[in-house]
Structure formats: C-alpha cells, structure tokens
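Just so it is clear, the model here is predicted, and its values are computed rather than measured. Letters A, B, ... mirror the listed sequences (proteins, then strands); counts begin at 1.
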Number of protein chains: 2
Amino acid sequence: MNIYDISRAAGVSIASVSRVMNGAGNVSEKTKQKVMAAIEATNYRPNAYARALGSGSMKTIGIMCSDSTDIYLANAIYYLETALRKKGYHSILCCTGYDLKNKKASLDLLRSQQVDAVIMAGSKYVELEPRNNQYIIEAAKHFPIMLINGAIEAENVYATVCDDGYGTKEAVGKLCGSGCREFIYIYSSDSLSGRNKLAGLSAGCRECGIGSASFRVVQSGKNYRDVAETLEREYRERPFDAVITSSDTTGVGAVKFALRRGLSIPEELSIVSFNNSILAESTVPELTSIDSRLKELCDRTVRSLMKLLDPGEGESTVPKCTVLRPRIVARETTRF
Amino acid sequence: MNIYDISRAAGVSIASVSRVMNGAGNVSEKTKQKVMAAIEATNYRPNAYARALGSGSMKTIGIMCSDSTDIYLANAIYYLETALRKKGYHSILCCTGYDLKNKKASLDLLRSQQVDAVIMAGSKYVELEPRNNQYIIEAAKHFPIMLINGAIEAENVYATVCDDGYGTKEAVGKLCGSGCREFIYIYSSDSLSGRNKLAGLSAGCRECGIGSASFRVVQSGKNYRDVAETLEREYRERPFDAVITSSDTTGVGAVKFALRRGLSIPEELSIVSFNNSILAESTVPELTSIDSRLKELCDRTVRSLMKLLDPGEGESTVPKCTVLRPRIVARETTRF
DNA sequence: TTGTACGCGTTATCAC
DNA sequence: GTGATAACGCGTACAA
C-alpha cells in the first residue's frame, strides 16, 4: 500500500496525494475529499523511511544519559521525552554508562542514525579534561547538541544548567543561621557540577565566617553503606553538626549514619541533600533537599531545541547557556 | 558524500562498496582494501534513511512504559535499552502515562515510525477489560509485541512475566511462620499483576489457616502520606502485625506509618514490599522485599525478540509466555 | 489546480 | 568476484 495505490484509488496523481497528506494549501476541496476517502478506506500510512529519505529527517532526537536507573536521570528522560513528543519528535534513548569510550560510541551511533539533534542529560558528559570533550564539539558540526547541567563553549552546543553553587552556598548560610558550626560535605563522584557545588560551599563558609578547619570535604562510594561508614569514620575523628551531600542518594546514607549512631536529627545533626527527588521524601526524617529544578531545565532545553530545528518566524536567538537558580526545599532534617 | 562517490574514489561499482559495508563474504581482499581506504579517507557514513528504505528496517525497537520516573520502569528501560543496543538495535522510548487513549496513540506513533517491534514494559498495558486490549492485538499484525509483566493470548504477542502470586503466597507463609497472625495487604492501583498478587495472598492464607477475617485488603493513593494515613485508619479499627505491599513505594509508606505510630519493626509489625528496588534499601529499617527479577525478565524478552527478528539457523521456537519465579530478599522489616 | 518525471542513497537481483 | 540496474516510496521542481 503506497502512494501510487492511493493515487489510483482516488483517481488523482501522487502529487495531489502528497499535497493532501502534508496539508499543502493548493488543493481543491474535491480532490482532497477523494484522497481522504481513499486513505481512510485503505488505512494508508506513508512510509516513514521514504519520507525521511526525501526530507532528510525522521524527527528523532537522541537522548544520552549515563544511567536511566539514576532517579535524577530517569526524571530527566521523562520530562524530555514527553516534551519532545508533544512537539512531534521521537526520542532515541542511549544509556551510555560513565565510560568515555562508550559515550563516544553512543554519540557516534546516534549520528549514524541521523538524529536531528542530541540531548546529553547529566553533568557527567562534560569531562574535566577539555580535550576529552572534543568528540562533542566534533559531533556538533553535524547536529545541535544540548547539554543539561553541563556546559562547554563550542559552536552549535547549547547548555541549560542549574547554578548548583548558589544552592550549596545558600545551604551553608541557612545551616549556619540555624546554629550549625562544624560542616562536612560528602560526594561520590567528581564532575563539573560537583566542583560548582564545592565552590558554592567555600563561598558560603567565607561569608559566614566558617574557617577551613570547620569545613571538611570527603568522597565516598555511591551506596548507602559506603556513605554511612565514611561519615562514621569522620565523626569519630571529629564530630560535625551539619552534613551537605551531593545527591539525595548520599543524603539517605547520611540519615542512615545518624540513625545508627543515635544522633538526633535535626537537633544534633542537620542534613541537606541535593536534587529533591523522591528519595528525599523516603526517609524518616525526610530530607531537606536542594531542588535543582530539573523539569524546568528539561523544558527549556526542549524549547531551545525546537527554536533551533525550525527557526520559524520569531527570529529570536537561542542563548548558548541558560542558568537556573535552585531552591531549597526544607523538610525535617534541618531547623530552618 | 554518498555511495557513488566512494565507488568512484575506489574505482569499483557501488555494489562492491555496499558489499564491503555490509560485510558480505564474496569480495576479493583487493577490492575490500580499496573500498576501505576510500571510506576512511572520506569519513563516509551510509545514509540511514536510504538504507532503511531499501532494507525495510532501521533496527529500532519501540519501548513503551507508563512512566520512566517509576523506579521499576526506569530499571526496565535501562536493562532493555542496553541489551538491545548490544544486539545492534536502537530504542525509541515512549512514556505513555496510564491513560488508554495515550497508550493507543503512542503505539500508533511507533507504528508510523516503522519500528521493528514494540516492547511494553509493565503490567499496566494489559487492560482488565479484554476488548480494551484489541488495539494491541491489531498492532501485532504489523510487528511483534513483547509484554513484560503482562500477558494476553494473541498472534504475534509474546509475554515474559514474574509469578507475582507465588511471591505473595510465599511471603504469607514466611510471615505466618515467624508469628504473624493479622494481615493487611495494601496497593495503589488495580492491574492484572495486582490480581495475581491477591490470588497468591488468598492461597497463602488458606494454606496457613488464616481466616478471611484476619486478612484485609485496602487500596490507597500512591504517595507516602496516603499510604501511611490509610494504614493508620485501618490500624485504629483493628491492629495488624503484618503488612504486605504491592510495591516498594507503598512499602516505604508502611515504614513511615509504623515509625510515626511508634510500632517496633519487626517485633510488633512485619513488612514485606514488592520489587526490591533501591527504595527497599533506603529506609531504616530496610525493607524485606519480593524481588520480581526484572533484569532477567528484560533479558529474556530481548533474547526472545532477537529470535523473532532474525530467526537464524537455530530453529528453536519462541515461547508465547515465559514465567519467572520471584525471590524474597529478607532484610530488617521481618523476622525471617 | 493538477500531473509528470526525476532525485534521494541504499539494497538486492540479476547477468557476466 | 564484479558490475549494471531495477526497485524502494516519497517529495518536489516544473510543466501543463
């Protein structure tokens, strides 16, 4: 069942069929009716591949994420996919893992698949070593690349990020204001976003007059046990009364540490985590968490992308980097 | 840069180029070398759309899930996507929501996109009203449909499910064996999987001699507060000493209920949840959870699908329905 | 307004 | 083993 069959059934040319299918204006009502009738009758659907070959697009966007299992990224995928579909685009998903080689291979795969653009979700896509980002810059010569929570300066690469540093800085301020004096920041993996968080922490401590002796930074494994054990070790060395964590996952680990050690929250220990995901509400007491405003990050990314893909009339330019401010959502692990 | 350019550069016909690209055996080493050289030199990539038009496939599988935000489904997506990519297939994701109309529209969209098959992840795709599954049966005339944790009897539809009822039955047995006498089952939404869980519960109670008076079934909202409040209300009416929940999310709500009411776990109250996701490990105490063996469900689904898509030599047939047994992972909310 | 004819870049099927 | 060449199905100038 192809366009020729329809044209025959309707008694018109394939050009007319095509025009009707694509909503071109210059068709008489009569032919339109005939074509529509033939289409309905035969349940005809145009061949997507042939259409793509002609138009050069299948209206698909590649979405790269390290790991859809990560709650933060799972949310990003949801927001992105639904927003894109609303705009008539399909999403090809690639869970790339954290290995650079695999990230490269995935981007390459998406390029072979002729996607219209690629969205890279998560700060893990911008490598700390600049030359390791070359593959992104290279790919961006062929289609736009949208970064969520990561930024690199390059042609045809656009970024939408949350000002993580602002969030941690504010957290320090509020914790300090509620009486905390001895801080510890715990994170599990290094990234640009992580460095921003650290910068914010330092700034916050400076503002509050917290000396570097009272502000520790430690790294631990990702799982709850590692986090709890790391904190336990640190606490024994010198007690702290405020924990800031790089994610809700780490935050859950912090709660576990406190409960097992018998520290009362938030009287003896305050905890602020990051991302404000469902995990933050899963613990008792519930975690005060810095909301990185993921939905808005995703929506803006899609909006920018649409502007890039069909420039339309509104000749507004797309900003190379959009920055959003996080918001602290106070719950039960702080005395805010 | 197309296949003609390469053929010209290599001094061979496009047919030879095509053969080299697709690894056909009957090419002399010499031509192969020439073609390879030309490809390398020009960085040539075949046009995916043209290729699809000729071959009739872009090697893409549609993955439908209600909501990638759901941890269970997020995991499914990860397992499916990585397994498919390993087999040379791309994944088009569709987060359809729970509304039948949107599910239909999504399946239709995937069909328009000419995917090679569709995987429907989650028990929410099989409607309780049989005629509402007609759209699946209809679509299966055009490509195979793989159901994960849902089953319907139809041509070209294949299912891989976890025997949820076995899990709940075993849970009742173990709870009873550890001294529990007053049971309550709490769930948030109806589905075939849910009914299987219920059937298992009934069977378990019968075996253990637990009368229907000591086995309540209640429904609540999805969020923690609803779950906790529902349990609170029920507890006031008549106390129970064992809670079984339809998911880990509900399980977390149960833990919250117990902690806020000051019930000691597992002494005064045992809890068994379902899915064994990260949520089960996020609470204190950690949840004993029924592992629905999602990774294996996904792997088997992909394996079956591959058999269907390229039948190859091994003329083994693909089973219409594969059933896996869940496993109980004991943690801190039970006295197993 | 409508129809013809060609281009898109492959794959597959023939001859040789 | 290799090379022509016909599909593949649609979009779209261009002609009518």
A.B. asks: Mind checking if Val17(A) touches a base, just sugar-phosphate, or nothing, with heavy atoms under 4.0 Å?
C.D. replies: nothing
A.B. asks: Would you find a donor on one side and an acceptor on the other, under 3.5 Å apart, between the side chain of Asn22(B) and the backbone of Ser18(B)?
C.D. replies: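 Yes, the answer is positive, given that a donor and an acceptor are paired below the 3.5 Å cut-off.
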A.B. asks: Tell me: NZ of Lys32(A) to P of dT2(C), nearest whole Å?
C.D. replies: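 Rounding to the nearest Å, NZ of Lys32(A) and P of dT2(C) are 11 Å apart.
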A.B. asks: Might you work through the side chain to side chain contact (heavy atoms under 4.5 Å, CB included) test for Ile152(B) and Leu147(B), ending with a clear yes or no?
C.D. replies: CA-CA 8 Å; Ile152(B) 60 181; Leu147(B) 265 28; 3.9 Å; yes
A.B. asks: Under 3.5 Å, is there a donor-acceptor pair between the Ser55(A) and Tyr49(B) side chains?
C.D. replies: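 Checked: Ser55(A)/Tyr49(B) side chains show no N/O donor-acceptor pair below 3.5 Å.
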A.B. asks: Counting the atoms with a prime plus P, OP1 and OP2 as sugar-phosphate, which does Thr31(A) contact under 4.0 Å by heavy atoms, base, sugar-phosphate, or nothing?
C.D. replies: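 Result for Thr31(A) = sugar-phosphate.
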A.B. asks: CG of Asp5(A) versus P of dG9(D): gap in Å, rounded?
C.D. replies: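 Answer to the nearest Å: 9 Å.
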A.B. asks: Treating Arg45(B) as the side-chain partner and Gln114(A) as the backbone partner, does any N or O pair qualify as donor plus acceptor under 3.5 Å?
C.D. replies: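 Checking the backbone N and O of Gln114(A) against the side chain of Arg45(B), no donor-acceptor pair under 3.5 Å is found.
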A.B. asks: In whole angstrom, what separates Lys59(B)'s NZ from dT11(C)'s P?
C.D. replies: 13 Å
A.B. asks: Between Asp299(B) and Lys86(B), is there a side-chain N and carboxylate O pair less than 4.0 Å apart?
C.D. replies: no
A.B. asks: How long is the line joining CD of Glu29(B) and C1' of dT2(D), in whole Å?
C.D. replies: 16 Å
A.B. asks: Applying side-chain hydrogen bond (donor to acceptor under 3.5 Å, both in side chains), run through Tyr125(A) and Thr96(A) and close with a yes or a no.
C.D. replies: CA-CA 10 Å; Tyr125(A) 283 106; Thr96(A) 66; 2.6 Å; yes
A.B. asks: Nearest whole angstrom, please: distance from the C1' of dC16(C) to the CG of Asn26(B).
C.D. replies: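 After rounding, the reported distance stands at 14 Å.
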A.B. asks: Taking only the side-chain nitrogens and oxygens of Ser55(B), find out if one of them lies under 4.0 Å from OP1 or OP2 of dC8(D).
C.D. replies: no
A.B. asks: State whether Ser16(B) places a side-chain N or O below 4.0 Å from either non-bridging phosphate oxygen (OP1 or OP2) of dG1(D).
C.D. replies: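 Checking Ser16(B) against dG1(D): no side-chain N or O falls below 4.0 Å of OP1 or OP2.
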A.B. asks: Ile3(A) versus Pro46(A): any side-chain heavy-atom pair under 4.5 Å?
C.D. replies: no
A.B. asks: In degrees, rounded to 10°, what is the bend between the two ends of the helix from dT1(C)-dA16(D) to dC16(C)-dG1(D), using five pairs at each?
C.D. replies: 40°
A.B. asks: Can you pull every protein N or O that's under 3.5 Å from an N or O on nucleotides 6-10 of chain C?
C.D. replies:
| from | atom 1 | to | atom 2 | distance (Å) |
| --- | --- | --- | --- | --- |
| dT10(C) | OP1 | Tyr44(B) | OH | 2.6 |
| dT10(C) | OP1 | Asn47(B) | N | 3.1 |
| dT10(C) | OP2 | Ile3(B) | N | 2.7 |
| dT10(C) | OP2 | Tyr44(B) | OH | 3.3 |
| dT10(C) | O5' | Tyr44(B) | OH | 3.3 |

A.B. asks: Using a 4.5 Å cut-off on heavy atoms from C-beta on, say whether the side chain of Ile136(A) contacts that of Met120(A).
C.D. replies: yes
A.B. asks: Contact between Met146(B) and Ile61(B) at the side-chain level, heavy atoms closer than 4.5 Å - yes or no?
C.D. replies: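 They are not in side-chain contact.
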A.B. asks: Of the nucleotides dG3(D), dT12(D), dT2(C), which has the atom closest to the Arg19(B) side chain?
C.D. replies: dG3(D)
